[in-house]
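Comments concern the structure below.
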Amino acid sequence: MASAESVKPVILTAMELSVAYGPQIVLDKASLTVHEEDRIGLVGRNGAGKSTFLKILSGTLDADSGEVARRKDLRVGFLSQEFTLDESINVYENILSGAAYIRNLLLQYEDHSIDSKHHHLIEEEIIRHDGWNLERKINLLMKELHTPDGARDIATLSGGEKRRVALCRSLISEPDLLILDEPTNHLDTDSIEWIEKYLAGYKGTCIFVTHDRYFLDRIATSIVELSDGTFISHRGNYTDYLINKSIREAVAEVDEKKRQSFLKRELEWMRRGPRARRTKAKSRIDDYYEAASAPSLEKELDVELIIPSPERLGNKVLDLKEVGMKIGGKQLFDMFTYCFERGKKIGIVGKNGVGKTTLLKLLLGELRPTSGVIEHGERTEFNYVDQARLLLNDEDTVMLAIGEGSEVVRFGRQTIPVWTYLRRFLFSDDRINTKVGKLSGGEKSRLTLASILKNGGNFLLLDEPTNDLDLPTLRILEEALSGFEGCVTIVSHDRYFLNRVCDTILALEGNGEVYISEGNYDYYVEKRTSRLNALKIESDNAALAVRKESAKQKQTVKKLSWAENKELELIQPAIEAAETEVERIESIFASHDFYDKYSDQITELNLKLELAKSEAEKLYLRWDELEKKKALLNSN
């Protein structure tokens with residue numbers, strides 16, 4: 001048991017929260033305590049109420065009953081799945097708006113006298129949040145999360161681009177409590193790994209919902225499961241949670257068997273109608289009724305995700321021969337040759353914008369390559385799960401979305417009732433008649449899969465299939481795809497999913513090549529690391545050879561040339577002038593009225609400062625080179 005000293009102070013307590021949407025109860029007198037520096041991964045079925053709970057914590061939604069007690073002056077930041085951006089300002093200004101607290105501190109610092117007590121306290125708070133480097137931190141976030149250019153208009157952005165901007169805005173605020181709802185959606189693998197490192201070192205408290213199991217494993221210090229309207233807390237990461245949950249369920253199953261055995265035995269006794277010892281008999285009867293009234297153990301249902309058996313593929317499935325694709329003058333890939341085979345499970349990976357979805361559309365025949373040839377097998381039938389999820393009409397009921405007016409659906413070579421089919425995807429009777437627009441994001445995702453997978457096909461193309469699926473459904477999807485006898489090609493940033501399903505990785509690394517790696521995603525990463533290390537060693541050896549040759553040439557020189565002597569004579573004043581310019585610009589940033597006078601020149605001044613620093617550094621390095629050369633000649 002942890003010592004009292006190791007328990008961090010409480011910053012928030014949710015007490016007996018209740019929320020219901022009609023007959024559906026999502027929170028049932030649920031309570032949770034959050035401590036400083038907790039990193040809580042919130043898990044549970046889609047529709048269990050995770051997003052609802054996060055909204056209540058953030059203060060954007062009120063519970064039907066119960067309350068949330070927050071520490072005084074607690075600052076909360078929230079990335080919702082239904083976030084909004086201000087379309088009247090650009091990308092950079094939207095991100096900067098998340099730093100309102102820091103900017104307000106900077107303004108207060110300017111307004112207070114340097115001798116005042118408040119001036120010192122404000123300065124400490126600015127230093128604590130690294131407020132003097134706000135511009136640099138924003139630029140770093142934009143770079144690592146691959147946001148669009150800061151000058152872009154919000155209205156011109158895609159959904160994924162907007163989400164990355166919103167994530168930057170949430171992170172730059174550096175609140176005491178950071179609440180993130182699916183922060184890894186629409187991020188490439190490099191960005192997800194960067195976010196993991198960022199949150200691992202985050203000084204505040206974080207509560208997050210994600211379907212990325214590696215993310216949960218590496219970040220969470222505790223897992224809170226929302227099930228049947230209440231919270232079950234587990235210390236440790238996601239792996240610890242799975243172990244603890246399996247033990248908990250095993251104990252509950254043993255207890256339920258004991259209860260059922262007790263009820264059966266006591267029922268037989270009651271039927272015999274014992275007459276003696278009536279006081280004891282009454283107590284025994286009371287025990288029976290108490291046990292009988294206890295709720296039965298209900299096992300969680302899993303999606304019965306069955307993909308129709310595919311028609312057998314021919315010997316030729318799909319062949320790419322020296323295929324190249326250029327869009328908007330950018331060469332995405334070139335001279336790509338690959339033969340898809342029956343039974344292969346192929347993962348396509350790479351950063352956002354390198355052409356992964358474009359490659360899928362080339363395979364489908366929706367786009368034509370700018371060079372090379374794509375040959376389709378005669379028996380190849382594609383089934384495409386689109387990332388955009390545009391196949392659902394919000395006004396349709398779930399029943400209509402799948403049945404399209406019929407009571408049955410064609411499932412591969414079978415015909416089954418629509419209700420039976422939808423129950424496989426965990427749609428209860430009351431949800432089957434619900435309009436699509438009223439479903440949660442996860443329910444919509446399950447419905448999309450149900451709609452598309454019933455169409456069959458022997459070559460499945462899945463573009464980010466894991467977005468919005470809950471963790472149990474992901475495991476079922478992994479098993480269904482692993483057992484699929486046709487060909488599967490998946491674009492995904494979910495590393496765990498790629499490792500479970502794929503036996504080949506096609507990596508678009510942004511250099512115009514498609515790197516083919518047999519094996520799962522971890523094996524590809526291992527090989528890529530080896531390649532990059534080998535390239536670094538090769539580059540270092542080449543640089544060393546250049547330095548040795550340069551040193552050899554220096555030793556043959558008898559004295560500095562006239563031009564070098566003249567350059568050495570003039571370089572020191574040039575260094576002083578460059579350093580003076582650096583000091584001048586830095587003094588502008590440090591001025592008390594900086595934001596009043598220069599708020600519209602921040603980007604321009606930062607650029608001038610970087611150029612001045614670069615010039616000073618370049619001049620200094622040249623001066624050092626000439627001085628060392630002069631010293632070497634004088635010593636010979």
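Index from 1, following the sequence. Atom set for the values below is all heavy atoms of this structure, side chains included, hydrogens, waters and symmetry mates excluded.
- When side chains are defined from C-beta on, L242 does not count as touching I223, because their heavy atoms never get closer than 4.5 Å.
- Contact check for Y21 versus T52: side-chain heavy atoms found under the 4.5 Å cut-off.
- For Y241, the ring-ring contact (aromatic ring centres under 6.0 Å, His included) partners are H234, Y238, not counting sequence neighbours.
- Comment: D212 engages R495 in a salt bridge, judged by a side-chain N to carboxylate O separation of less than 4.0 angstrom.
- Ion pairing of D176 with R71 is present here, as a side-chain N (NZ or NE/NH1/NH2) and a carboxylate O approach within less than 4.0 Å.
- For R528 and Y523, the positive end is not near the middle of the six-membered ring at less than 6.0 Å and at most 45° from its axis.
- Here the straight-line distance linking atom OH of Y496 with atom CD of E478 works out to 6.5 Å at 0.5 Å rounding.
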Run the side chain to side chain contact (heavy atoms under 4.5 Å, CB included) check on S80 and L54 step by step: do they pass? CA-CA 8 Å; S80 168; L54 295 188; over 6 Å; no
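- Side-chain contact check for N533 and S530: no donor-acceptor pair (N or O, by modelled atom type) lies under 3.5 Å.
- Between the CD1 atom of I207 and the OG atom of S58 there is a distance of 10.5 Å, given to the nearest 0.5 Å.
- Donor-acceptor pairing under 3.5 Å is recorded for the side chains of Q81 and D181.
- Taking the centre and axis of the six-membered ring of F215, the NZ or CZ atom of R218 falls outside the cone set by 45° and 6.0 Å.
- Salt-bridge check for E144 with K197: failed, with every basic side-chain N at 4.0 Å or more from each acidic carboxylate O.
- A ring-centre distance under 6.0 Å is not found for F497 and Y521.
- A 6.0 Å sphere centred on CG of D62 holds no more than 12 heavy atoms belonging to other residues, nucleotides or ligands.
- A side-chain N or O of Y214 and one of N499 form a donor-acceptor pair less than 3.5 Å apart.
- A donor-acceptor pair shorter than 3.5 Å cannot be found between the side chains of T504 and K345.
- A salt bridge does not link K29 to E16: none of the charged nitrogens lies less than 4.0 Å from a carboxylate oxygen.
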